[in-house]
Amino acid sequence: MGIGGSLEQCQVDWQCDPGLPGVQSLGQLFFTSSSSSHDAEAAALVSFAHSCGVPDHHSEALVDHQSWLARVGGGANDVAAATVFNMMATDAAARGVNMYE
């Protein structure tokens with residue numbers, strides 16, 4: 001079950017709580033547009049990941065906070081993008097996100 005799962009299915013699992021900031025941020029960034037644009041958004045993110053590093057060298061596909069906000073935040077969602085960046089950061093200091101993860 002993913003982020004959009006029903007609370008009835010996971011009453012005990014606190015990670016499914018739609019009131020959590022991380023869940024809300026993911027929803028704002030990736031699940032608010034119409035279903036017809038999901039493929040285009042996914043293709044844009046994959047293209048961005050490839051520009052950061054080829055799949056064979058996926059560990060090198062790191063982006064910093066500013067690059068993430070510019071590509072994912074889009075101005076209106078900067079708070080949500082920053083929250084997701086902090087959740088996905090690959091190091092303890094939250095300096096980078098691996099685009100393939």
Side-chain angles (χ1 to χ4, degrees):
M1 177 178 57
I3 297 293
S6 161
L7 282 180
E8 295 173 3
Q9 296 173 348
C10 58
Q11 294 173 357
V12 179
D13 189 354
W14 62 270
Q15 295 176 351
C16 294
D17 182 356
L20 292 173
V23 175
Q24 290 178 353
S25 296
L26 285 168
Q28 289 173 13
L29 288 177
F30 301 113
F31 301 109
T32 57
S33 60
S34 67
S35 61
S36 61
S37 67
H38 287 302
D39 287 341
E41 290 176 13
L45 284 173
V46 168
S47 177
F48 180 50
H50 281 246
S51 72
C52 296
V54 295
D56 289 343
H57 300 284
H58 59 83
S59 63
E60 299 171 6
L62 297 174
V63 295
D64 63 9
H65 192 258
Q66 289 303 94
S67 299
W68 175 265
L69 289 180
R71 190 61 176 200
V72 178
N77 291 323
D78 282 348
V79 172
T83 300
V84 173
F85 181 90
N86 289 334
M87 289 179 1
M88 294 177 59
T90 55
D91 63 335
R95 293 178 300 223
V97 166
N98 185 309
M99 287 305 298
Y100 287 100
E101 293 178 3

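In this text, all values refer to a predicted model and were calculated from it rather than measured experimentally.
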Problem set entry | Within residues 92-101 or reaching into it, pairs that qualify as side chain to side chain donor-acceptor pair (under 3.5 Å) - sequence neighbours excluded | Asp91-Arg95
Distance-only criterion, 3.5 Å: show the donor-acceptor pairs between side-chain atoms of residues 43-55 and protein atoms not counting sequence neighbours.
{"from": "Ser51", "atom 1": "OG", "to": "Phe48", "atom 2": "O", "distance (Å)": "2.7"}

How far apart are the closest heavy atoms of [X] and [Y], and which atoms are they?
X     : Y     : result
Asp78 : Leu69 : O-CD2, 3.6 Å
Ser25 : Val84 : CB-CG2, 3.8 Å
Ser59 : Leu62 : O-CG, 3.9 Å

Exercise. Residues two or more places apart in sequence or in another chain: which of them pass side-chain hydrogen bond (donor to acceptor under 3.5 Å, both in side chains) with Asn86?
Worked result: none
Problem set entry | Test side chain to side chain contact (heavy atoms under 4.5 Å, CB included) applied to Phe85 - qualifying residues, sequence neighbours left out | His65, Trp68, Val97
Exercise. In Å and rounded to the nearest 0.5 Å, what is the CD to CE distance from Glu60 to Met99?
Worked result: 15.5 Å
